[in-house]
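To start, the structure itself, in structure tokens.
Order of the sequence lines fixes the chain letters, A, B, ..., with proteins taken first and strands second; residue numbering starts at 1 for each chain. No hydrogens, no waters, no symmetry mates; every other heavy atom, side chains included, goes into these values.
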Number of protein chains: 2
Amino acid sequence: MNDKSVTSDDVRWLDEQQQWAWRRFLDGTSRFFESLGDVHDAELPVTLGEYHLLVQLSEAPGRTLRMSALAEYLVLSRSRLTHTVDRMERRGLVERRPAPGDRRGVNCVMTDAGFAALVASAPGHVTAVRRFLVDVLDDEEMAMLGRAMAKVASAARGEQELAGHE
Amino acid sequence: MNDKSVTSDDVRWLDEQQQWAWRRFLDGTSRFFESLGDVHDAELPVTLGEYHLLVQLSEAPGRTLRMSALAEYLVLSRSRLTHTVDRMERRGLVERRPAPGDRRGVNCVMTDAGFAALVASAPGHVTAVRRFLVDVLDDEEMAMLGRAMAKVASAARGEQELAGHE
DNA sequence: TCAAGATAGTTGAGCAATCAACTACCCGCA
DNA sequence: TGCGGGTAGTTGATTGCTCAACTATCTTGA
């Protein structure tokens with residue numbers, strides 16, 4: 001702990017309802033991603049993490065994205081992305097190409113095999129997302145969840161930027 | 001893929017709003033847990049995972065819980081819990097004791113050092129949960145989030161039980 | 001124009017998680 | 001009473017992740 005650490009005297013603890021909601025959030029997300037990951041591992045050609053990577057590439061122009069952009073979108077460390085792309089490249093799902101205009105840069109490109117794996121995984125993936133999330137909530141809850149999590153994401157993102165400039 | 005696999009012909013894809021909300025959820029949870037984990041790693045004596053384990057023990061009678069109960073509450077595989085408890089036991093945060101009445105069973109007990117680590121971590125933990133979640137949402141959003149995630153958790157839990165009986 | 005610092009990505013060692021196989025014990029039933 | 005199947009937990013090999021150090025390139029400003 002450093003000299004800026006918070007001591008128990010000036011902490012605003014959570015009240016009953018906040019505590020309850022936070023625990024439901026923690027438990028719900030754990031079980032949701034567990035179940036969704038299980039579906040990928042048991043039935044689909046790519047893991048959940050690989051799937052999200054392929055989705056990002058599929059929506060990028062030329063099915064191509066810089067490593068750094070991919071890392072930012074997927075909330076992965078650069079190192080972890082390097083290792084993940086290594087493995088996917090060995091399986092022929094993506095390829096690395098030098099980035100034009102910046103000789104430090106590396107583009108990650110989805111191959112046809114990668115696209116095929118994405119297409120093959122999508123139905124099972126979406127069906128699971130429905131079963132564990134979308135079909136469980138009504139439209140209003142789903143919309144609220146989206147708005148709330150957009151706020152949460154930007155709070156966390158703000159913090160990330162601060163940490164980077166230390 | 002097996003013979004029960006869903007083909008693209010009969011999948012109900014997500015509409016615009018559902019897609020948007022689902023992506024906010026995915027991105028928000030990733031960034032939230034990333035930021036909260038960073039706070040633990042940088043400033044607190046125990047990691048986020050260890051913290052949650054200690055919280056469970058702190059609320060159990062005798063600060064004691066069966067390994068299997070702990071695994072269920074924390075949504076951890078038994079193997080992963082075994083390894084995690086190994087490490088925490090080496091650091092003196094918890095102890096293993098035989099479970100009375102079932103000679104297969106093992107109780108995990110929080111030590112005084114474990115309780116001290118929990119107390120030392122709590123202020124920083126709660127402050128971070130506020131910064132990245134609770135203080136970012138208003139009371140209504142927070143309540144909705146709790147209700148929604150309670151539903152999601154039980155959908156996922158239901159699925160888990162089915163998988164177990166195959 | 002060139003030095004200092006920032007950015008992009010990789011590397012490899014050490015640590016943590018996963019998966020299947022294993023031991024030990026409990027329960028129900030014949 | 002003992003056998004079959006289930007439950008509790010551990011083990012160790014494999015795989016994946018993390019962290020700090022490293023190379024290479026880009027940018028800025030004196």
Cationic N near anionic O, under 4.0 Å, [X] to [Y]:
X        : Y        : value
B/Glu50  : B/Arg91  : yes
A/Arg131 : A/Asp135 : no
A/Glu89  : A/Arg96  : yes
B/Arg147 : B/Glu140 : no

Exercise. Going from CG on B/Leu48 to OG on B/Ser35, what distance comes out if it is rounded to the nearest 0.5 angstrom?
Worked result: 11.5 Å
Exercise. What distance separates A/Thr84 OG1 from A/Leu70 CG, expressed to the nearest 0.5 Å?
Worked result: 9.5 Å
Quickly work out the [X] [atom1] to [N] [atom2] distance and round it to whole Å.
X        : N      : atom1 : atom2 : result
A/Phe33  : C/dA17 : CZ    : P     : 18 Å
A/Leu81  : C/dT11 : CG    : P     : 13 Å
B/Glu50  : C/dA17 : CD    : P     : 9 Å
B/Asn107 : D/dG9  : CG    : P     : 8 Å
B/Arg80  : D/dG16 : CZ    : P     : 15 Å
A/Leu48  : C/dT18 : CG    : C1'   : 16 Å
B/Leu76  : C/dA16 : CG    : C1'   : 12 Å
B/Arg90  : C/dA16 : CZ    : C1'   : 11 Å

For this session: Can you sort out which residues in residues 58-73 of chain B have a heavy atom within less than 4.0 Å of DNA chain C? Ascending by number, please.
Result: none
Exercise. A/Arg103 near the nucleic acid: base, sugar-phosphate alone, or nothing, with a heavy-atom cut-off under 4.0 Å?
Worked result: sugar-phosphate
Proximal nucleotide (of [options]) relative to the [X] side chain:
X        : options                : value
A/Val106 : D/dT10, C/dT10, D/dA8  : C/dT10
A/Ser77  : D/dT18, D/dG9, C/dC26  : D/dT18
A/Asp102 : D/dC26, C/dC26, D/dC17 : D/dC26

Problem set entry | Test ring-ring contact (aromatic ring centres under 6.0 Å, His included) applied to B/Tyr73 - qualifying residues, sequence neighbours left out | none
Please tabulate, one pair per line, each protein N/O and nucleotide N/O from nucleotides 12-15 of chain D that are separated by under 3.5 Å, including the distance.
from, atom 1, to, atom 2, distance (Å)
D/dG12, O6, B/His83, NE2, 3.1

For this session: By nearest nucleotide on DNA chain D, pick out whichever of B/Thr82 and A/Gly101 is the more 5' one.
Result: B/Thr82
Exercise. Quick one: side-chain hydrogen bond (donor to acceptor under 3.5 Å, both in side chains) partners of B/Glu16, sequence neighbours excluded?
Worked result: none
Problem set entry | 5′-ward residue of the pair B/Arg78/B/Thr84 relative to DNA chain C | B/Thr84
Exercise. Honestly curious: do A/Val126 and B/Phe25 fall in one hydrophobic cluster under the side-chain, below-4.5 Å linking rule?
Worked result: yes
For this session: Sorted by first residue and then second, give each ring pair (Phe, Tyr, Trp, His ring centres under 6.0 Å) pair with at least one member in residues 77-119 of chain B; sequence neighbours left out.
Result: none
For this session: Specify the closest pair of heavy atoms between B/Ala113 and B/Gly92, including all atoms of both residues, with the distance to one decimal.
Result: CB-O, 3.6 Å
Any protein N or O atoms within reach of nucleotides 1-6 of chain D? Criterion: under 3.5 Å, listing atom names and distances.
from, atom 1, to, atom 2, distance (Å)
D/dG6, N2, B/Arg104, NH1, 3.1

For this session: Report, as yes or no, whether the 6.0 Å neighbourhood of atom CG on B/Asp112 holds more than 12 heavy atoms from other residues, nucleotides or ligands.
Result: no
